[in-house]
Engineer: 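Sharing a structure, written as structure tokens. Questions coming.
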Amino acid sequence: LNQIQYCRIFGPRGNMKEQLHEVLDRVGATWSHALTMVICGGLLLSDGAEMLAVSAMVKSLATEFPEMGPTEQGLLVSMVFLGVLVGSGASGAAGDRWGRKPVIVFSYLCLGVFGCLCAVSPNYQVMILLRFWVGFAFGLGVPAAVTMVVESMPTRFRDNSTNVINGAFCLGELYAGLGCIIFMPKLQEAGQWRSMCLWSSLPALVIFPFALWLQHESPRFLLVNRKTEELNNLIKLWSPKERELELTTPRDLESPAGVMERFARIFAPDMLATTVCLSYCCLVANFTFFGQSYMAAQAFAEIAQPSDKLSPAAELTISSTFELPGALISILLVSYAPWGFKASLTGFLYLNAFLALALITLDFNLYSWYVPATYMIRMTSQGMFLFVYVVVGTSFPTVVRNTGVGFCMAVGRLGSVIAPITFEAMTTEEHHEVFIVATATLALAGAFMVRWLPHDMKGVPLGEGSTALPPDHAGLAK
């Protein structure tokens, strides 16, 4: 058992050795864990608000900046995702080097500052540069937030806690949708995009001081970095009855020294299939989710009629509410499904491919079919999104977990970068079928790739060092 971190507990039951996950499971979920979920979920909420807001306000921006044609509109949205891609790549090394908390706090700070600066952009060039840095802030913070929750929660609550914080993305979209209804119900009002920039930045400004003063560091990060005193204080904060922990760190659990060593670890032969498969699944989830979100925002604005009872902004907000059932389905599958994560993720990918093809009804002016199909794919794509992030968060060992999560999310964000540009390049007002078929094909390929995952981590404790699995669970996660 030389590949697992042990802590020595001195208590009323005598002198014994326990693995860290056993200590965390015994302590259970506390108010501090709930606060962690609020703070980490706040990043996903802000992410959802910003992503829907930028897709919704491109038409409003175009009325003020005449140089914004269809290509520039798609590029503005893609620039946000490009920032997310770069930030996600930087997050992995930063989180594994300096800790999860500093990355989360810095992310909130950048979101508040650059988000507010967007509201006073004098031209398109400044706006696109600021949107890049807003995206960078999200990319930096989200992998660290997912890693923080995965590493802090007891095994019983770990997977659904990841589902819940990622489900906050839906709430962020609803929040942004409310802003659209208030400030620009037709999604084309001149000048109102400035109000939307401030509106979507507000959650980050509110949560930032709580992240700075009240968020703890990940216990597993403290463990592998030999920060014994901080870990003792954290465990006592969660459960005052716990006695002092005496930790020992085997040499094979030492964190890789540099960035290249960390990347070499996640691409080592035993982890190559995991990294490649999950990276591709993240790309599919992002391309599908954000591509259909962008398509819906443009389609609702184009097909709107003066006699419609609902404004385009209301239609967009209603479609976002269907992501909540998708999050609920994901939570129920984690809790009650007799099968593992791989089977559920495969099912979501097949379902998304089928529903994507149903969106072709837009080209035949069958709006009574297209609108429900949009609602349904928002639900299933959200479920797929959540499941991908649950699997990614548990599939890497602690010493390189943030690097692995950050890399997979960076590749995933490449899908969100190319989705708006691909949509604008492949579609016209009358023809969307090429983009739709491309989306379905990507999802089908992902369903076949899931079988390459070597482990199914449902309900399995996390590994700390050279493997994602503790040695005593190596036979349970196939």
Side-chain angles (χ1 to χ4, degrees), residues 25 29 33 37 40-41 44 48 142 145-147 149-150 153-171 173 274 277-278 280-286 288-289 292 319-356 373 375-396 405 408-409 412 440 442-462 468-469 473 476-478:
D25 289 347
H33 291 89
M37 290 186 62
C40 293
L44 276 299
V142 170
V146 172
T147 302
V149 169
V150 166
M153 298 300 293
T155 304
R156 176 184 174 187
F157 302 105
R158 182 193 68 210
D159 300 325
N160 266 337
S161 296
T162 308
N163 262 333
V164 169
I165 68 161
N166 281 295
F169 188 96
C170 312
L171 300 180
E173 290 190 303
T274 295
C277 178
L278 292 180
Y280 181 80
C281 286
C282 283
L283 185 145
V284 173
N286 278 268
T288 301
F289 186 88
Q292 299 307 324
S319 71
S320 297
T321 64
F322 277 78
E323 295 171 18
L324 293 175
L328 178 60
I329 291 172
S330 180
I331 291 172
L332 292 174
L333 287 173
V334 167
S335 300
Y336 301 110
W339 53 82
F341 291 158
K342 293 164 65 174
S344 295
L345 181 55
T346 301
F348 273 120
L349 287 162
Y350 278 127
L351 193 55
N352 270 273
F354 172 76
L355 288 172
Y375 293 167
M376 293 301 296
I377 199 170
R378 293 296 286 269
M379 178 178 69
T380 58
S381 62
Q382 176 65 17
M384 175 179 65
F385 212 100
L386 296 185
F387 248 95
V388 169
Y389 279 12
V390 167
V391 176
V392 168
T394 57
S395 294
F396 298 95
V405 172
C408 290
M409 289 188 178
L442 288 173
L444 287 174
F448 285 104
M449 288 189 68
V450 170
R451 68 184 65 185
W452 293 355
L453 285 174
H455 305 298
D456 195 314
M457 295 296 294
K458 182 176 181 178
V460 177
L462 300 177
L469 294 168
H473 287 80
L476 300 179
K478 296 294 185 182

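The analysis underlying the following values was restricted to heavy atoms, covering all of them including side chains, and did not include hydrogens, waters or symmetry mates. Please read all numbers here as calculations on a predicted model, not as lab measurements.
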Engineer: Within the 4.5 Å heavy-atom criterion, are L324 and L171 side-chain neighbours or not?
Structural biologist: yes
Engineer: Are L349 and L444 close enough that some pair of their side-chain heavy atoms sits under 4.5 Å apart?
Structural biologist: no
Engineer: Check whether any side-chain heavy atom of C170 sits under 4.5 Å from a side-chain heavy atom of Q382, and report yes or no.
Structural biologist: yes
Engineer: For S395 and T274, work out which heavy atoms get closest and say how close.
Structural biologist: CB-CG2, 3.8 Å
Engineer: Between N166 and T162, which heavy-atom pair has the shortest distance, and what is it?
Structural biologist: ND2-O, 2.8 Å
Engineer: Kindly give the heavy-atom pair with the smallest separation between V390 and T394, and that separation in Å.
Structural biologist: O-OG1, 3.2 Å
Engineer: The criterion is side-chain hydrogen bond (donor to acceptor under 3.5 Å, both in side chains); which residues satisfy it with W452, sequence neighbours excluded?
Structural biologist: none
Engineer: Residues in side-chain hydrogen bond (donor to acceptor under 3.5 Å, both in side chains) with T288, at least two apart?
Structural biologist: none
Engineer: Who passes ring pair (Phe, Tyr, Trp, His ring centres under 6.0 Å) against F348, sequence neighbours left out?
Structural biologist: F387
Engineer: Locate the shortest heavy-atom distance separating M379 from P325; write the atom from each residue and the value.
Structural biologist: SD-CB, 3.7 Å
Engineer: Residues two or more places apart in sequence or in another chain: which of them pass side chain to side chain contact (heavy atoms under 4.5 Å, CB included) with L355?
Structural biologist: L351, M376, I377, T380
Engineer: Distance from D456 atom CG to S344 atom OG, nearest 0.5 Å?
Structural biologist: 8.5 Å
Engineer: Locate the shortest heavy-atom distance separating G393 from V150; write the atom from each residue and the value.
Structural biologist: O-CG1, 3.3 Å
Engineer: How close do C281 and G446 get, heavy atom to heavy atom, and via which atoms?
Structural biologist: SG-O, 4.4 Å
Engineer: Taking side chain as C-beta onward, heavy atoms only, is L278 less than 4.5 Å from V388?
Structural biologist: no
Engineer: Could I get the full list of ring pair (Phe, Tyr, Trp, His ring centres under 6.0 Å) partners for F322, not counting sequence neighbours?
Structural biologist: Y375
Engineer: How would you list, by chain and number, every residue that makes a side-chain hydrogen bond (donor to acceptor under 3.5 Å, both in side chains) with N160, sequence neighbours excluded?
Structural biologist: N163, S335
Engineer: Taking only residues two or more places apart in sequence, or in another chain, which ones meet E323 in a side-chain hydrogen bond (donor to acceptor under 3.5 Å, both in side chains)?
Structural biologist: R378
Engineer: Run the side chain to side chain contact (heavy atoms under 4.5 Å, CB included) test against A337 and tell me which residues pass, sequence neighbours left out.
Structural biologist: L333, W339, K458
Engineer: Using the side chain to side chain contact (heavy atoms under 4.5 Å, CB included) criterion, which residues pair with F448? Sequence neighbours excluded.
Structural biologist: Y350, R451
Engineer: Between V392 and C282, is there a side-chain heavy-atom distance shorter than 4.5 Å?
Structural biologist: yes
Engineer: Give, for atom CG of L453 and atom SG of C277, the distance between the pair rounded to the nearest 0.5 Å.
Structural biologist: 4.0 Å
Engineer: Test: salt bridge (Lys or Arg N to Asp or Glu O under 4.0 Å). Region: residues 345-354. Which pairs qualify, not counting sequence neighbours?
Structural biologist: none
Engineer: When you compare the side chain of M409 with that of V146, does any pair of heavy atoms fall below 4.5 Å?
Structural biologist: yes
Engineer: How many angstroms lie between CG in L328 and CG in L386, if you round to the nearest 0.5 Å?
Structural biologist: 11.0 Å
Engineer: Does F289 have any ring pair (Phe, Tyr, Trp, His ring centres under 6.0 Å) partners at least two apart in sequence or in another chain, and if so, which?
Structural biologist: F169, F385
Engineer: Under the side chain to side chain contact (heavy atoms under 4.5 Å, CB included) test, which residues partner P154, sequence neighbours left out?
Structural biologist: D25, H33, F157
Engineer: Could you tell me whether the side chain of F396 reaches within less than 4.5 Å of the side chain of C408, counting heavy atoms only?
Structural biologist: yes
